[in-house]
Number of protein chains: 2
Amino acid sequence: MKKKSQEQRTAETRRKILDATRDLVLRQGFTATGVDQICREAGLTKGAFFHHFKSKEALGLAALADWGDFGMGLYAEATREPLKEPLDHVHRFFDIMTGFVQGNEGPVTCVVGIISQEMSLTNPNLREECAKHLEVWTDFAARLLDEAKQACPPRADFDSRELAWFLNSLWQGSMLVSKARQEPDIIVKNLQRARAYVDNLFAV
Amino acid sequence: MKKKSQEQRTAETRRKILDATRDLVLRQGFTATGVDQICREAGLTKGAFFHHFKSKEALGLAALADWGDFGMGLYAEATREPLKEPLDHVHRFFDIMTGFVQGNEGPVTCVVGIISQEMSLTNPNLREECAKHLEVWTDFAARLLDEAKQACPPRADFDSRELAWFLNSLWQGSMLVSKARQEPDIIVKNLQRARAYVDNLFAV
DNA sequence: TTTTTCATACCAATCGGTCGGTATATTTTA
DNA sequence: TAAAATATACCGACCGATTGGTATGAAAAA
């Protein structure tokens, strides 16, 4: 049980660093999180860190990618079963978000939202990566809406991407507001309202 | 023309510091903005700074209060003229936000949103001040909605405060997303959708 | 033995904050 | 009303701690 392949060691070390980074960034933001602190939390030293990441910016990009994988893993559940009713997948999408809020003691936050807010105007690479991940989310939501539209013509046509950006903005803003207010319930209520709004676009 | 009262000098110096702080925080966030940098931008030294603010946290609190004054100064315009039609003030409220976006070259950001995101989980005092300012915004919006409800019964009753939090979340999230995407237009479109949504709550 | 992984020691720069001292404004006293 | 005493405003050097990042070498795997 002793010998580990280099591949494995690298994977484990990277994971330790990315986990520590996620936890610390969610709690105190990207700028306030130092490399030393990450190393301490990960049980490593700077030598290891800078062997795997050439800079803190590179770490930020990796942390965003990692968070994106995590998120899309959750959201993918929404489309696992085939569509029975037109809004099935859309509803599951809302349920997943609501579940993420309720199954989470402590504040509900998002690495992308945090790094967007902190770094968008000072670090073009991080900004672009954030934009990319927001776009992935929006694309996914827009596809669900398009799918629903195809299964059931809405009472008046609407732009799925525009609505998806609306929902994304609401989602990010809800987490932000709820963090300051220390009241996750506001996210749930906002999601309920948004869901009812979408339903109403289709209702006969 | 030389002699200045101490009162006046204090006021001017504080203003210089607060202006510099606002500009720098909006651009690079609170954590990334150093006291030295603020002093440089304000044309002062640390001696002056710590004479007027006992800590960086105290500065943050003052910057939030200052931003709150600025914002409410803008929003107050919405209710300057008496209500002619039930949704007059609500519409003006939306117009003010839209105007703030369009009359602003460069990214649209908010000191409260930035500090909320960065400091909510690490600095209770800043968190609470942020929550207070978000609440002021929501109170204002909720009052406009209540007023409209009184002037014209909605097609189905709704909770004004809940809707106001929904709008606040959307507003904050829109700024966040638009900053990452470098596209202020998304804010305008979100506001249009929100306005139509509110209108629809009242429509016959 | 060569390459990869990681620890140790170190760097210049910057962080928030303090401190002694000076210049200016205001109040008190003569 | 002028001088003296005090309070306020501000400067700039300095503090220990921490920042992101590097150079070197040892342990471990290939």
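Labels below follow one simple rule: chain letters A, B, ... track the order of the sequence lines, proteins then strands, and each chain is numbered from 1. The figures here come from the full heavy-atom set of this structure, side chains too, leaving out hydrogens, waters and symmetry mates.
Between B:His52 and the phosphate of D:dC10, there is a side-chain N or O to OP1/OP2 separation shorter than 4.0 Å. Residue A:His51 has no polar side-chain atom (N or O) positioned under 4.0 Å from OP1 or OP2 of C:dC6.
Within residues 10-28 of chain B, no residue is approached by DNA chain C to less than 4.0 Å at the level of any non-hydrogen atom.
Every residue meeting the salt bridge (charged side-chain N to carboxylate O under 4.0 Å, His left out) condition with A:Asp185, not counting sequence neighbours, appears here in chain and number order: A:Lys189. Partners of B:Pro124 under the side chain to side chain contact (heavy atoms under 4.5 Å, CB included) rule, at least two apart in sequence or in another chain, do not exist in this structure. The side chain to side chain contact (heavy atoms under 4.5 Å, CB included) check on A:Glu12 picks up A:Lys4, A:Gln8, with sequence neighbours excluded. A search for side chain to side chain contact (heavy atoms under 4.5 Å, CB included) contacts involving A:Lys149 returns A:Asp146, A:Pro154, A:Asp157, A:Phe158, A:Ser160, A:Phe202, not counting sequence neighbours. Every side chain to side chain contact (heavy atoms under 4.5 Å, CB included) that B:Leu83 has, sequence neighbours left out, goes to B:Asp88, B:His89, B:Glu147, B:Ala151.
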Just distance, no hydrogens or angles: give the donor-acceptor pairs under 3.5 Å from side chains in residues 60-77 of chain A, sequence neighbours left out.
unit_1	atom_1	unit_2	atom_2	d
A:Asp66	OD1	A:Arg15	NH2	2.6
A:Asp66	OD2	A:Arg15	NH2	3.2
A:Tyr75	OH	A:Trp137	NE1	3.0
A:Tyr75	OH	A:Trp171	NE1	3.4
A:Glu77	OE1	A:Arg80	NH1	3.4
A:Glu77	OE2	A:Arg80	NH1	3.4

Donor-acceptor contacts under 3.5 Å from residues 41-54 of chain B side chains, at least two apart:
unit_1	atom_1	unit_2	atom_2	d
B:Lys46	NZ	B:Asp36	OD1	3.2
B:Lys46	NZ	B:Asp36	OD2	3.1

Can you give each donor-acceptor pair under 3.5 Å made by side-chain atoms of residues 94-104 of chain A, sequence neighbours left out, with the distance rounded to 0.1 Å?
unit_1	atom_1	unit_2	atom_2	d
A:Asp95	OD1	A:Arg195	NH1	3.1
A:Thr98	OG1	A:Phe94	O	3.0

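The nearest whole Å value for the distance from the CD atom in B:Glu7 to the P atom in C:dT27 is 10 Å.
Axis orientation changes by 10° from one end of the helix from C:dT1-D:dA30 to C:dA30-D:dT1 to the other, with each end axis drawn from 5 pairs and the value rounded to 10°.
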Write down the protein N/O and nucleotide N/O pairs, taken from nucleotides 12-19 of chain C, whose separation is under 3.5 Å; answer none if there are no such pairs.
unit_1	atom_1	unit_2	atom_2	d
C:dG16	OP1	B:Lys56	NZ	2.9
C:dG16	OP2	B:Val35	N	2.9
C:dG16	N7	B:Lys46	NZ	3.1
C:dG17	OP2	B:Lys56	N	2.8
C:dG17	N7	B:Lys46	NZ	3.2
C:dG17	O6	B:Lys46	NZ	2.8

For nucleotides 22-24 of chain C, list the nitrogen or oxygen atoms of the protein found under 3.5 Å from its nitrogen or oxygen atoms, one pair per line.
unit_1	atom_1	unit_2	atom_2	d
C:dT24	O3'	B:Arg9	NH1	3.4

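A salt bridge is absent between B:Asp19 and B:Lys16; no separation between the charged side-chain nitrogens and carboxylate oxygens falls under 4.0 Å.
The backbone N or O of A:Gly113 lies less than 3.5 Å from a partner atom in the side chain of B:Gln117, making a donor-acceptor pair.
The aromatic rings of B:Phe140 and B:Phe93 sit tilted, their planes meeting at an angle between 30° and 60°.
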Practice problem: Apply side-chain contact (heavy atoms from CB on, under 4.5 Å) to the pair A:Arg92 and A:Thr79, showing each step before the final yes or no. | Solution: CA-CA 8 Å; A:Arg92 296 201 47 137; A:Thr79 54; over 6 Å; no
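For the pair B:Val112 and B:Leu134, the minimum side-chain heavy-atom distance is below 4.5 Å.
Of the listed nucleotides (C:dT8, D:dG12, D:dT8), D:dG12 has the atom at the smallest distance from the side chain of B:Thr45.
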